[in-house]
Peer 1: 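Attaching a single structure in structure tokens format; questions to follow.
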Number of protein chains: 2
Amino acid sequence: MTTMKEIAEQTGVSVSTVSLVLNNRDAGRVKPRIAARVRETAQRLGYTSNPLARSLRTGKTRILGFISEEIATTPYAGGIILGAQDAASALGYMLLTVNTDGATNEDDEIATLKRYGVDGFMYAKMSNRYADVPDSLGDYPLVLVDATDRAGQFPSIEPDEFRIAYDATARLIGAGCERIAYVGCSEPMIAQDGRLEGYRRALEDAGRDYDDRLVANVLNNGPALRDVSDLFDRACPDGFFCFNDARAWYVYECAARRGLTIGKDVSVVGVDNHRVFAETFYPQLTTVELPHYEMGYWATCKLVSMIEQRDLHDLALPRTTAPLPPLDAPIPAKIHCTLIEKESVRG
Amino acid sequence: MTTMKEIAEQTGVSVSTVSLVLNNRDAGRVKPRIAARVRETAQRLGYTSNPLARSLRTGKTRILGFISEEIATTPYAGGIILGAQDAASALGYMLLTVNTDGATNEDDEIATLKRYGVDGFMYAKMSNRYADVPDSLGDYPLVLVDATDRAGQFPSIEPDEFRIAYDATARLIGAGCERIAYVGCSEPMIAQDGRLEGYRRALEDAGRDYDDRLVANVLNNGPALRDVSDLFDRACPDGFFCFNDARAWYVYECAARRGLTIGKDVSVVGVDNHRVFAETFYPQLTTVELPHYEMGYWATCKLVSMIEQRDLHDLALPRTTAPLPPLDAPIPAKIHCTLIEKESVRG
DNA sequence: CTGAAAGCGCTAACAC
DNA sequence: GTGTTAGCGCTTTCAG
């Protein structure tokens, strides 16, 4: 690793001059000719800055702490982290990712991240819910991902749950379904509340009555299969909007047991259906892919914008081949899905 | 953040003394009484070391670089990372995780990790295969995870593929299956080669002939379903060993279309079957859970042992509630699965 | 315009 | 036994 000192020696200038030039603070301070020579040697020697040494003076490490509680329990955590990493990489940051199982070790992990000098934190949940931000995070720049701060103190990046459900239900209506069911989640959370409301509103806007006999909110466990089975028996739905892939699987299973074919006898729109299913077994299936990657990406941009006091939308410099959809605009999923940004109250 | 300087001032000693004490290098160098007072103020002020400042002198950051190529494309990446993080945390390290999509940005990401001063690297694949280690990693401590270095230069932590298949097949034999099929992967890789061999050997050890009409090696795509379907038709298997969950799903689907019940008409042992399936729909199913968490955990221990020149098995200090299985010994899965450690040739 | 000097928090020779 | 000193790589006054 070449250092500024080496560049200074080889160019015949002082370290301070090198520092000025290489940080682009040389306008009107260093002679262009000298600056050029410095840059040239830096180039030649393949200089890259040592962010750790820099941080000792500046107090900024360009490291971001990413806190997630269920990295291992869902297949979708990866998407968020990937997006966050790409954005961080494009913006010259690194991600220090930690996992907290419940709240037991959370404060420890946060303390460790602080020791490593992170400039800010992302606090990610794997399904949109209200979250209590640990006190220890209070004095740092912080963005919530797929969650909302219950206290309204911190900004967040989350999917537009209402619209997901509204669009999904509208599509089922458009497909000619008469009895559209919603298989939701019985835990209260933003994702569930927003989607139930979107489902209801889409029905009402189409001049139909909301009928709670068509709704089954279940957990992801044994009794769920029976509950969904009951839903089939009591309401004979011909269309299903499913909260997530696990819920959709109950529907597939119940349909299979009744000899009903997905895409022919019953229509299904699910959120985050596992690709193997959607593509291989049920090509008729309509899926809404939650914008995990985009959430991670935008959350990182947001966080960096807070840290550097820059405008959020100046920061979107995707390095990925596919263009990143703007916040609050349709993103490329099989059904439009919108990302929303919630500002903090105090913001 | 309190510094050594503050501790020194408050205790009335010099910074060097504080440093000696707090690094436990005070034996016979600092008076016990003084050492005790230093420790006491450190405690009182809640001192935690600044690893970045330390690294400037020592050249060691206690940061590990974790390189993975498909963090987002498989639900299992999380398990490996989680295990790696837990081990790192227990050993006083942090993980800097980067994702490389193919080889395009790999060298960039590696360079960045080096700039951040990582002490060593883990290079993880998401299914056991031969890997070409990038040259840029050559001069660092390195452990491969779920992969083997093609050049045999670097150590690796991987599952015992042969034994997975051997045990799975033996279980099917024990369950009374007469015509046991293997639904494998048509890409050549360690996982596939080892499992096919384990399957074959288990049959032979039971005095049966290997019959390639009972084997269908497929990709995870459209034609796969037809190939598995053909397997059903040509060989009428009553037992299946499946390479992974995607392969198992083809079997479920084919069985369902023929009115066959899993666990009654056909027995299935699959690797990494998705939990929702295994537990909710097919409780009769036997699954082999790959030890993802353990791989990440042991790989980290191995890497740290190389960095610190300590014995690997002194390092296993699991912080998790469940005890971590030793290397090369049965681990708690529904079928025993063994982890093996491959030493580097030069090691 | 450029360089010398101080210092971020810490470690490690080397004096005393 | 303990303190002084120098220095890791970098930024940032402040002289000149």
Side-chain angles (χ1 to χ4, degrees), chain A residues 1-39 41-42 45-63 92 111-112 114-119 308, chain B residues 1-39 41-42 45-63 92 111-112 114-119 308:
Chain A
M1 295 275 101
T2 65
T3 70
M4 283 194 177
K5 197 176 167 191
E6 290 166 20
I7 298 178
E9 282 164 359
Q10 296 232 1
T11 322
V13 294
S14 78
V15 204
S16 1
T17 308
V18 176
S19 173
L20 279 180
V21 173
L22 263 26
N23 287 305
N24 295 317
R25 318 164 122 279
D26 58 321
R29 328 242 284 100
V30 178
K31 270 207 204 95
R33 253 186 60 67
I34 299 230
R37 280 178 47 217
V38 168
R39 274 183 246 274
T41 12
L45 267 39
Y47 172 82
T48 51
S49 73
N50 180 332
L52 271 35
R54 165 186 287 162
S55 79
L56 212 47
R57 287 283 339 195
T58 61
K60 297 272 167 258
T61 49
R62 299 189 82 86
I63 298 178
T112 311
K114 285 185 177 177
R115 295 200 316 133
Y116 277 87
V118 296
D119 295 339
E308 301 186 354
Chain B
M1 296 276 99
T2 65
T3 70
M4 284 193 175
K5 197 176 168 192
E6 290 167 21
I7 298 178
E9 283 162 0
Q10 295 233 1
T11 322
V13 294
S14 79
V15 204
S16 4
T17 308
V18 175
S19 173
L20 280 179
V21 173
L22 263 27
N23 288 306
N24 296 317
R25 316 165 122 278
D26 57 321
R29 327 243 285 103
V30 178
K31 269 207 203 93
R33 254 185 60 67
I34 299 232
R37 280 177 49 218
V38 168
R39 274 182 246 274
T41 13
L45 267 39
Y47 172 82
T48 51
S49 73
N50 180 333
L52 272 34
R54 165 186 289 162
S55 79
L56 212 48
R57 286 282 345 191
T58 61
K60 296 271 167 260
T61 50
R62 300 189 81 87
I63 298 178
T112 311
K114 285 185 177 178
R115 294 201 316 133
Y116 278 87
V118 296
D119 296 339
E308 301 187 353

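Here the structure is a predicted model, which is why all the values come from computation and not from measurement. To find a chain, count down the sequence lines: A is the first, B the second, and so on, and within it residues start at 1.
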Peer 1: Ignoring backbone atoms, test whether A/N50 places a side-chain nitrogen or oxygen under 4.0 Å from the OP1 or OP2 oxygen of D/dC8.
Peer 2: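 False: A/N50 side-chain N/O out of range (4.0 Å or more) of D/dC8 OP1/OP2.
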Peer 1: Does B/R54 put a side-chain nitrogen or oxygen below 4.0 Å from OP1 or OP2 of C/dT11?
Peer 2: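 True: B/R54 side-chain N/O within range (under 4.0 Å) of C/dT11 OP1/OP2.
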Peer 1: Taking OP1 and OP2 of D/dT2, is either one under 4.0 Å from a side-chain nitrogen or oxygen of B/K31?
Peer 2: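 For D/dT2, OP1 or OP2 has a side-chain N or O of B/K31 closer than 4.0 Å.
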Peer 1: Picking from C/dG9, D/dC10, C/dT2, which would you name as closest to the side chain of B/A53?
Peer 2: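 So the side chain of B/A53 is nearest to C/dG9.
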Peer 1: Got a sec, which residues hit side-chain hydrogen bond (donor to acceptor under 3.5 Å, both in side chains) with B/T112, two or more places apart in sequence or on another chain?
Peer 2: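 Testing B/T112 for side-chain hydrogen bond (donor to acceptor under 3.5 Å, both in side chains), a comparison that skips the adjacent residues, returns none.
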Peer 1: Think B/S19 has a side-chain N or O under 4.0 angstrom from the OP1 or OP2 of C/dT11?
Peer 2: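 Answer is yes, contact under 4.0 Å.
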Peer 1: 5'-most contact on DNA chain C: B/L20 or B/L52, nearest heavy atom basis?
Peer 2: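 Looking at DNA chain C, the more 5' nearest nucleotide goes with B/L52.
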Peer 1: Spell out, as yes or no, whether a donor-acceptor pair under 3.5 Å connects the side chain of B/R115 to the backbone of A/P51.
Peer 2: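 Checking the backbone N and O of A/P51 against the side chain of B/R115, no donor-acceptor pair under 3.5 Å is found.
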Peer 1: Name all pairs fulfilling the salt bridge (charged side-chain N to carboxylate O under 4.0 Å, His left out) condition that reach into residues 23-34 of chain A, sequence neighbours left out, sorted by first residue then second.
Peer 2: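 Listed once each, the pairs are A/D26-A/R39.
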Peer 1: Is there a side-chain contact between B/T17 and the phosphate of D/dG3, meaning an N or O under 4.0 Å from OP1 or OP2?
Peer 2: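 So the side-chain polar atoms of B/T17 do come within 4.0 Å of the phosphate oxygens OP1 or OP2 of D/dG3, strictly under.
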Peer 1: Counting distance alone, no hydrogens or angles: does the base of D/dG9 have a donor or acceptor under 3.5 Å from a partner atom on the side chain of A/R57?
Peer 2: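 Check fails, no donor-acceptor contact within cut-off.
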Peer 1: Do B/T3 and B/N50 make a side-chain contact, defined as non-hydrogen atoms from C-beta onward lying under 4.5 Å apart?
Peer 2: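 No - every pair of side-chain heavy atoms lies 4.5 Å or more apart.
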Peer 1: Assuming nearest nucleotide by heavy-atom distance, tell me which of B/I34 and A/R25 is located more 5' along DNA chain D.
Peer 2: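 This one resolves to B/I34.
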Peer 1: Which sits closer to the 5' end of DNA chain D, B/S14 or A/L56, going by the nucleotide each is nearest to?
Peer 2: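 It is B/S14 whose nearest nucleotide is closer to the 5' end.
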